Amino acid sequence: MPEIGAMLREARMRAHIDISEIESETKIRAKYLRALENEEWNLLPGPTFVKSFLRTYAEALGLDAKLIVEEFKLRHERPSEFDLQPIRATGVGRERRPRPRPAVPGWLIGLILVAGLIAALYALGNRNGSGTNATPPPKTAGTAHSRAVTPPVTRPARRRSRVVTLRLVPTGSVYVCLIGDGRRLINKLILTPGFKSPVYRAKKFELTLGTANVKLHANGKVLSVPPVNNGIGYEMTASGRTVLPVGRRPTCA
């Protein structure tokens with residue numbers, strides 16, 4: 001696997017994204033982003049911040065954040081002192097203490113047990129010969145069915161966020177009409193390389209593109225646009241991206 005910093009830098013340059021754009025989107029200061037790309041770990045606050053910054057930066061570039069964090073831990077984190085301690089065998093080298101001798105001799109205990117058994121058998125024989133029948137105790141009604149069964153409390157499942165974050169990175173001249181939750185965000189605008197798109201947030205975007213010269217950064221993932229002749233339209237929600245037919249494409253008219 002290549003170096004972590006070089007991988008981040010190459011992914012950012014391939015997407016034509018400036019450090020300042022990543023700083024605006026991730027809220028991580030530019031000097032820390034450059035330190036990640038140069039692998040200057042000593043310029044960062046600490047290992048916990050390094051892993052958090054790596055995860056956020058990788059997600060913003062559409063990379064596998066979990067794989068990058070695990071690679072950092074494997075290369076740069078040292079095992080704790082607890083992990084380096086030798087395993088000690090238990091019970092080795094302990095002195096055996098002599099077992100205390102019983103205060104009463106064993107033969108005397110056995111004699112007492114035999115006498116008790118004879119006395120119990122004698123009492124049982126007298127009870128059976130007396131002819132008296134013991135009255136069985138009254139049966140008590142079971143309480144298993146009388147107890148109220150409390151149904152388990154079901155907690156509602158946590159809802160996933162339905163908000164979509166979207167940023168446009170043009171790679172050439174492209175016509176854009178963008179509507180988010182019914183509001184016009186980009187109206188009949190020709191975007192060119194170098195355009196610094198803000199991060200738009202909405203539950204649903206409706207988008208019309210004149211060409212394929214743009215990359216869509218949606219929820220940290222980079223989505224490409226296939227080559228088109230007559231433009232293309234998308235509907236983007238938290239569930240994913242759907243191609244719109246010509247009649248449903250927004251025109252910003």
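The shown structure was predicted, so the numbers you read here are calculated from the model rather than taken from an experiment.
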Close side-chain approach of L178 to L168, heavy-atom, < 4.5 Å:
yes
Checking T165 now: which residues fulfil side-chain hydrogen bond (donor to acceptor under 3.5 Å, both in side chains) with it, not counting sequence neighbours?
N219
With heavy-atom distances below 4.5 Å as the criterion, would you say the side chains of P250 and L244 are in contact?
yes
Quick note, salt bridge (Lys or Arg N to Asp or Glu O under 4.0 Å) partners involving residues 49-59, not counting sequence neighbours, are K51-E77
I'd like to know if L216 and V228 are part of one continuous hydrophobic network [Ile/Leu/Val/Met/Phe/Trp/Tyr, side-chain heavy atoms within less than 4.5 Å].
yes
Heavy-atom pair of closest approach, residues K203 and V164
O-CG2, 4.1 Å
For residues V214 and L191, determine if any side-chain heavy atom of one lies less than 4.5 Å from a side-chain heavy atom of the other.
no
With side-chain contact (heavy atoms from CB on, under 4.5 Å) as the test, pick out the partner of I17 among E21, M13, R14.
E21
Can you sort out the partners of A218 under side-chain contact (heavy atoms from CB on, under 4.5 Å), two or more places apart, ordered by chain and number?
L166, L223, M236
Do E37 and R34 meet the salt-bridge criterion of a basic N to acidic O distance under 4.0 Å?
no
Given the rule in the salt bridge (charged side-chain N to carboxylate O under 4.0 Å, His left out) test, do K31 and E40 qualify, once you have shown the distances and angles that lead to the verdict?
CA-CA 10 Å; K31 69 175 185 178; E40 297 174 338; over 6 Å; no
Could you tell me the separation between the CZ atom of R201 and the CG atom of D181, rounded to the nearest 0.5 Å?
13.0 Å
Linking Ile, Leu, Val, Met, Phe, Trp and Tyr through side-chain heavy atoms less than 4.5 Å apart, which residues share a cluster with V114?
I118
side-chain hydrogen bond (donor to acceptor under 3.5 Å, both in side chains): which pairs involve residues 226-243, sequence neighbours left out?
E235-R248
Worked verdict on I68 versus I4 for side-chain contact (heavy atoms from CB on, under 4.5 Å):
CA-CA 7 Å; I68 290 178; I4 297 173; 3.8 Å; yes
Which pairs, with at least one residue in residues 4-55 and sequence neighbours excluded, count as a ring pair (Phe, Tyr, Trp, His ring centres under 6.0 Å)?
Y32-F53, W41-F72, W41-H76
Looking at CG of L63 and CZ of R12, how far apart are the two atoms once the value is rounded to the nearest 0.5 Å?
12.0 Å
Test of understanding: clusters of I, L, V, M, F, W, Y form through side-chain heavy atoms closer than 4.5 Å, transitively. Do V243 and V225 belong to the same one?
yes
Residues sharing L74's hydrophobic cluster, by side-chain heavy-atom contacts under 4.5 Å among ILVMFWY, directly or via others?
none
According to ring pair (Phe, Tyr, Trp, His ring centres under 6.0 Å), does anything in residues 193-232 pair up with another residue at least two apart or in another chain? List the pairs.
none
For L117, which fellow cluster members are found when Ile, Leu, Val, Met, Phe, Trp and Tyr are connected by side-chain heavy-atom distances below 4.5 angstrom, either directly or through intermediates?
L121
With sequence neighbours excluded, tell me which residues meet side-chain contact (heavy atoms from CB on, under 4.5 Å) with S173.
I190, T192
Atom CG of L44 and atom CG of L36: how far apart are they, to the nearest 0.5 Å?
5.0 Å
Looking at I179 and C252, what are the two nearest heavy atoms and their distance?
CG1-SG, 4.5 Å
Hey, does L54 have a side-chain heavy atom less than 4.5 Å from the side chain of L8?
yes
Heavy-atom distance under 4.5 Å between the side chains of T26 and Y57, does that happen here?
no
Scanning both residues in full, the closest heavy-atom pair of I232 with P226 reads CD1-CG, 4.3 Å
Of the options L185, T211, L207, which is the one that meets V176 in a side-chain contact (heavy atoms from CB on, under 4.5 Å)?
L207
For residues R167 and P198, report the shortest heavy-atom separation together with the two atoms involved.
CG-O, 3.8 Å
Over all heavy atoms of both residues, which pair between A65 and A58 is shortest? Give the atoms and the distance, please.
CA-CB, 3.8 Å
Contacts of R9 meeting side-chain hydrogen bond (donor to acceptor under 3.5 Å, both in side chains) (sequence neighbours excluded), chain-then-number -> N38
Could you pull out all residues at least two apart from E206 that satisfy side-chain hydrogen bond (donor to acceptor under 3.5 Å, both in side chains)?
none
